[in-house]
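Below, chain A is the first sequence line, B the second, and so on; all start at residue 1.
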There are 2 protein chains.
Amino acid sequence: MAVDLVILTLRSSKLQVLLVERGVAPYSGLQALPGGFLNNAAEDIEGAAHRELSEEAHLDGAQLHLEQLGTYGKPGRDPRGRVISVAYLAIAPSLPEPIAGTDAASASWRPVDDVLSGGLNLAFDHQQILADGVERARAKLERTALGTAFCPEIFTISDLQKVYEAVWGVSLDPRNFYRKVQGVPGFLVPVESTRRTTKGRPARLYRAGTRAVLSPPLTRPEHPIPVEEER
Amino acid sequence: MAVDLVILTLRSSKLQVLLVERGVAPYSGLQALPGGFLNNAAEDIEGAAHRELSEEAHLDGAQLHLEQLGTYGKPGRDPRGRVISVAYLAIAPSLPEPIAGTDAASASWRPVDDVLSGGLNLAFDHQQILADGVERARAKLERTALGTAFCPEIFTISDLQKVYEAVWGVSLDPRNFYRKVQGVPGFLVPVESTRRTTKGRPARLYRAGTRAVLSPPLTRPEHPIPVEEER
DNA sequence: TCAAAAGTGTTAGTAGTACACCCATGC
DNA sequence: GCATGGGTGTACTACTAACACTTTTGA
């Protein structure tokens, strides 16, 4: 039994994922998702995910979003033998500095687009796990407040808009986005009498509200869906 | 390692789940989700789900919807020791006869509402797994063609409407529902020059189309209207 | 003929989009 | 002042909900 982590964040307005370079066989030298085996037969699976998050990424799970993504257990996915891996999706707020820690030398943020477009091969079935994680994040942005997990505690509406644009890979009208998110009660909580130094007019600041499910949902612009012809 | 199955179907216009009575400790005599341990270290997890589906419910997975729901591995969830269970959600079309098979004596369909409202205690954490499965089904009806998995190969639009009403627990306007589903290209494929004996005017028949993702989605009413008592 | 269910037309209210415009700041 | 991003108003369009109405069958 193992756990693997898809840790997503926003850096330079791009959706990025944390990868580590494998130092041992199999797939030594290849990039992989952070993860590892359960410590012992009694370790809680989600506890193991938190432990790996801390060990490999030096992220404490306090205010970090962490959810189970799925379980990958096809025989043959690990050449060492039967390994069943429970994958978790973690969302981290933008952090100023790159991850520094024990495995720091081998850990790096990579733009998700670069990885998924095939420019970088991942070990095991990690490419698939990453794709599933990104799709989960895309879908959950529509109906839940997951977007705020990408933001620091205090943020502006345009910060949040950058999250949506990066994850969905679209560009949105800032004025309509502004009203849309404000129109969801409990999504954003204004932080009174505060602002931030920027270029133009200062923006109001917000904290994430308690509302977990967004209604009405924020719909992503419709991407072309090929209608398969009936056979 | 084990697999558990949430098998949902529509019977008497109600959403029902297949339960089995446990014959052995722990929780002997209680109702539980069908499931069991992996046969050996090399058995594929989804393969094991198919095997249990066949053994315990006598449903062949040919045209049956089956998807992974999640993995439940909290220490202590099984008094026998550490058991990690991968739960699957299966959707079965309405079957005329109750399940008949090796465990037939102990297997029965139960209305989901009765089980979730607490009238019936399930073994292990199966109540939670069932709740997660139902919520997954509810959500997927909005954006995917999952509803057709509840229907036989050939069905009418009002058959499909009954699925939505039962799963969501609402009542829908048949005329608007009719146009809504017809307006999704690739969702339904008309079966030409066929009809069915009923009470009123015969209905056109349809097969499920190849379109897996519905756009626009069918949105469930935000404030559920209590279903009027029928029959 | 009537009852029942299928299917169509129409309309009012509402949500989403596009975009013109004003506001508050740094330089 | 001007540039830049924040925030507001508004018209237009598309979708939805509600419901009157017509069609096609069995009895």
Next on the checklist: Using 0.5 Å steps for rounding, measure from the CG atom of A:Leu218 to the CG atom of A:Asn176.
Outcome noted: 11.0 Å

Next on the checklist: Base, sugar-phosphate or nothing for A:Ser158? Non-hydrogen atoms, less than 4.0 Å.
Outcome noted: sugar-phosphate

Item to check | Separation of D:dG5 P from A:Ile157 CD1 (nearest whole Å) | outcome: 17 Å

Next on the checklist: Over 60° means perpendicular and under 30° means parallel, so tell me whether A:Trp168 and A:Tyr164 are parallel, tilted or perpendicular.
Outcome noted: perpendicular

Checklist entry - Rounded to the Å, how far apart are B:Lys162 NZ and C:dA6 C1'? => result 12 Å

Next on the checklist: Assuming nearest nucleotide by heavy-atom distance, tell me which of A:Thr156 and B:Asn176 is located more 5' along DNA chain D.
Outcome noted: A:Thr156

Next on the checklist: Taking atom NZ as the centre, does A:Lys140 end up with more than 12 heavy-atom neighbours from other residues, nucleotides or ligands that are less than 6.0 angstrom away?
Outcome noted: yes

Checklist entry - Whole-Å distance between C:dG7 P and B:Asp173 CG? => result 14 Å

Checklist entry - Between atom CZ in A:Phe177 and atom P in D:dT8, what is the gap in whole Å? => result 15 Å

Item to check | B/S/- contact track for nucleotides 20-27 of chain C, protein heavy atom under 4.0 Å | outcome: BB-BBBS-

Checklist entry - Between B:Tyr178 (OH) and D:dT22 (C1'), how many Å, whole number? => result 13 Å

Next on the checklist: Rounding to an integer number of Å, can you tell me how far A:Tyr206 OH sits from D:dG6 P?
Outcome noted: 12 Å

Checklist entry - So what does A:Arg179 touch, heavy atoms closer than 4.0 Å: a base, only the sugar-phosphate, or nothing? => result base

Item to check | Donor-acceptor contact present, side-chain B:Gln16 to main-chain B:Ile7, <3.5 Å | outcome: no

Checklist entry - Could you give the NZ-to-P distance, from B:Lys180 to C:dT8, as a whole number of Å? => result 17 Å

Checklist entry - Is B:Glu153 atom CD crowded by more than 12 heavy atoms from other residues, nucleotides or ligands, each under 6.0 Å away? => result no

Checklist entry - B:Gln161 CD to C:dA6 C1': how many Å, rounded? => result 11 Å

Checklist entry - Does the pair B:Arg110/B:Glu21 count as a salt bridge with the N-to-O cut at 4.0 Å? => result no

Next on the checklist: For a quick check under 3.5 Å, do B:Asp132 and B:Tyr72 share a side-chain donor-acceptor pair by atom type?
Outcome noted: yes

